[in-house]
**Q** 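One structure follows; several queries about it will come next.
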Amino acid sequence: MFALKLSLVAATIWLATLVTRRLGHALGGALSGMPMILAPILGVLLIDLPTAQVRAIALATLACVPATVLFIVVYGRACVRWPWPVCLLMATAVFLLAASALTQVARSAGWVIAMAAVAPGLGLLALSRPAHAGGAVPIPRSELAWRLAAALTMAGAVMLSADALPARVSGLLLAIPIAGSILPSFTLPRHGGQATVALLRGFAMGLHGFVAFLVVLYGALGALPAAWAFGLALAGSAATGWAAYRLRQRGQARREETDRSDSPTAATHPRRGLPKQ
């Protein structure tokens, strides 16, 4: 399982970087926010563990989603003023405090699901909207290698530390968003604060698919065979992620149209978009 987790972390960082190269920071962040690491791990656990235990794991992971969103918001707010080590330290501290508090609060499954469902949207509202979020991004191969090395080092350290610590502490460590830590920490020094905010907004958008996967899996495991429940959860995650992407495209198109109609150029040059007099 240790090797599987490391390989999934590496694959997620690699794919997110390639998507960023071609399509921009926002879509690279959205891919990393999807259950790229979690879904295969839970698929393996469904083979080895009783479904009731996997449902409990899914619910416990959902309980940490608001803390993950707080991590994103703190990093996104701090990155326009501070260097990446300060941002990462602040965001991680807030995440650990929030996740620790959430694990101590008595709550029902409905409360956990509701909080997880609304958290990504609230995170998007709390983050500023960058001026330019799309377009290909030049990322050298050497940086990709460093990203992979940093992600594997962080993931290995977290997992090895978790084995030696009490269950409550190890659970918090395993919930730390590794991709959400590595990608912005490389984006900020090379591409600046606005690009980092675009990446983190994409990550928050991808969390909609992450939450959908866990919610569907939790509900379906109580009524369907494990294989069917897992497939339905993957389909729900993909559909939710696609819907979030389409809504983002439509919103961006509307904002661009509004910007063009309100620009001074449009007012002084009728042929560029205003109706003829």
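Heavy-atom basis, side chains included; hydrogens, waters and symmetry copies ignored.
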**Q** Please tell me whether Phe95 and Leu122 are part of a single hydrophobic cluster in this structure, the criterion being side-chain heavy atoms less than 4.5 Å apart.
**A** no

**Q** Looking at side-chain heavy atoms only, is the closest gap between Leu45 and Gln53 below 4.5 Å?
**A** no

**Q** Between Phe203 and Val69, is there shared hydrophobic-cluster membership here, with clusters defined by ILVMFWY side-chain heavy atoms closer than 4.5 Å?
**A** yes

**Q** Taking Arg21 for its side chain and Ile139 for its backbone only, find out whether a donor-acceptor pair lies under 3.5 Å.
**A** yes

**Q** According to the salt bridge (Lys or Arg N to Asp or Glu O under 4.0 Å) rule, which pairs have a member within residues 216-230, sequence neighbours left out?
**A** none

**Q** For Thr240 and Phe213: C-alpha separation, side-chain torsions, deciding distance, then whether side chain to side chain contact (heavy atoms under 4.5 Å, CB included) applies.
**A** CA-CA 9 Å; Thr240 303; Phe213 172 81; over 6 Å; no

**Q** Are Trp84 and Leu199 connected, step by step, through hydrophobic side chains (Ile, Leu, Val, Met, Phe, Trp, Tyr) whose heavy atoms are closer than 4.5 Å?
**A** yes

**Q** Which residues satisfy the salt bridge (charged side-chain N to carboxylate O under 4.0 Å, His left out) test with Arg77, sequence neighbours excluded?
**A** none

**Q** What heavy-atom pair brings Pro120 and Ala204 nearest, and what distance separates the two atoms?
**A** CB-O, 3.5 Å

**Q** Mind checking side chain to side chain contact (heavy atoms under 4.5 Å, CB included) for Ala116 and listing every partner two or more places apart, or none if nothing turns up?
**A** Leu62, Val65, Val211

**Q** Hey, can you pull the donor-acceptor pairs under 3.5 Å for the side chains in residues 177-186, sequence neighbours left out?
**A**
| residue | atom | partner | partner atom | Å |
| --- | --- | --- | --- | --- |
| Ser181 | OG | Pro177 | O | 2.7 |
| Ser185 | OG | Tyr75 | OH | 2.9 |
| Ser185 | OG | Ser181 | O | 2.7 |

**Q** At their closest point, which heavy atom of Ala151 faces which heavy atom of Ile13, and how far apart are they?
**A** CB-CG1, 3.6 Å

**Q** Would you indicate whether the side-chain heavy atoms of Leu188 and Pro83 approach each other to under 4.5 Å?
**A** no

**Q** Same cluster or not: are Val44 and Phe230 linked, directly or through other Ile, Leu, Val, Met, Phe, Trp or Tyr residues, by side-chain heavy atoms under 4.5 angstrom apart?
**A** yes

**Q** Under a 3.5 Å distance rule, please check whether His208 uses its side chain to pair with a backbone N or O of Met205 as donor and acceptor.
**A** yes

**Q** Tell me every residue that passes ring-ring contact (aromatic ring centres under 6.0 Å, His included) with Trp242, counting only those two or more places apart in sequence or in another chain.
**A** Tyr245

**Q** To the closest 0.5 Å, what do you measure between NE2 (His191) and OG1 (Thr196)?
**A** 8.5 Å

**Q** Could you list the residues that satisfy side chain to side chain contact (heavy atoms under 4.5 Å, CB included) with Met36, not counting sequence neighbours?
**A** Thr12, Leu15, Leu31, Met34

**Q** For Pro40 versus Pro35, what's the shortest heavy-atom pair and its separation?
**A** CD-O, 4.0 Å

**Q** What is the minimum heavy-atom distance between Ala10 and Leu152, and which atoms define it?
**A** CB-CD2, 3.9 Å

**Q** Counting distance only, does the side-chain N/O of Ser237 pair as donor-acceptor with the main-chain N or O of Gly209 below 3.5 Å?
**A** yes

**Q** Between Leu221 and Leu46, does the side chain to side chain contact (heavy atoms under 4.5 Å, CB included) criterion hold? Intermediate values first, please.
**A** CA-CA 10 Å; Leu221 281 176; Leu46 278 171; 3.8 Å; yes

**Q** Linking Ile, Leu, Val, Met, Phe, Trp and Tyr by side-chain heavy atoms under 4.5 Å, what else ends up with Trp228?
**A** Val216, Leu224, Leu232

**Q** Going by side chain to side chain contact (heavy atoms under 4.5 Å, CB included), name the residues that satisfy it together with Thr92, two or more places apart in sequence or in a different chain.
**A** Phe71, Leu88, Leu96

**Q** Any salt bridge (Lys or Arg N to Asp or Glu O under 4.0 Å) involving residues 207-228? Give me the pairs, sequence neighbours left out, ordered by first then second residue.
**A** none

**Q** I'd like to check the salt bridge (charged side-chain N to carboxylate O under 4.0 Å, His left out) partners of Arg190; sequence neighbours left out, ordered by chain and number.
**A** Glu143

**Q** What heavy-atom pair brings Ala119 and Pro66 nearest, and what distance separates the two atoms?
**A** CB-CA, 4.0 Å

**Q** Using a 3.5 Å distance criterion without hydrogens, assess whether the side chain of Arg201 forms a donor-acceptor pair with backbone atoms of Leu124.
**A** yes

**Q** Partners of Ala109 by side chain to side chain contact (heavy atoms under 4.5 Å, CB included), sequence neighbours excluded?
**A** Leu59, Tyr218

**Q** Side-chain heavy atoms under 4.5 Å apart, restricted to Ile/Leu/Val/Met/Phe/Trp/Tyr: what other residues fall into the cluster of Val94, or is it alone?
**A** Leu70, Val74, Trp82, Val86, Met90

**Q** Taking side chain as C-beta onward, heavy atoms only, is Leu234 less than 4.5 Å from Leu217?
**A** no

**Q** Let me check something: do Leu8 and Met154 share a hydrophobic cluster, defined by ILVMFWY side-chain heavy atoms less than 4.5 Å apart, either directly or through other members?
**A** yes

**Q** Is the shortest side-chain heavy-atom distance between Leu42 and Thr61 below 4.5 Å?
**A** no

**Q** Minimum heavy-atom separation for Trp14 to Leu148, with atom names?
**A** N-CD2, 4.0 Å

**Q** Within the distance-only criterion (no hydrogens, no angle test), does the side chain of Ser100 pair as donor or acceptor with the backbone N or O of Leu97 below 3.5 angstrom?
**A** no

**Q** Working note: Leu207 + Ile72, criterion side chain to side chain contact (heavy atoms under 4.5 Å, CB included); need CA distance, chi angles, decisive distance, verdict.
**A** CA-CA 11 Å; Leu207 283 178; Ile72 295 169; 3.7 Å; yes

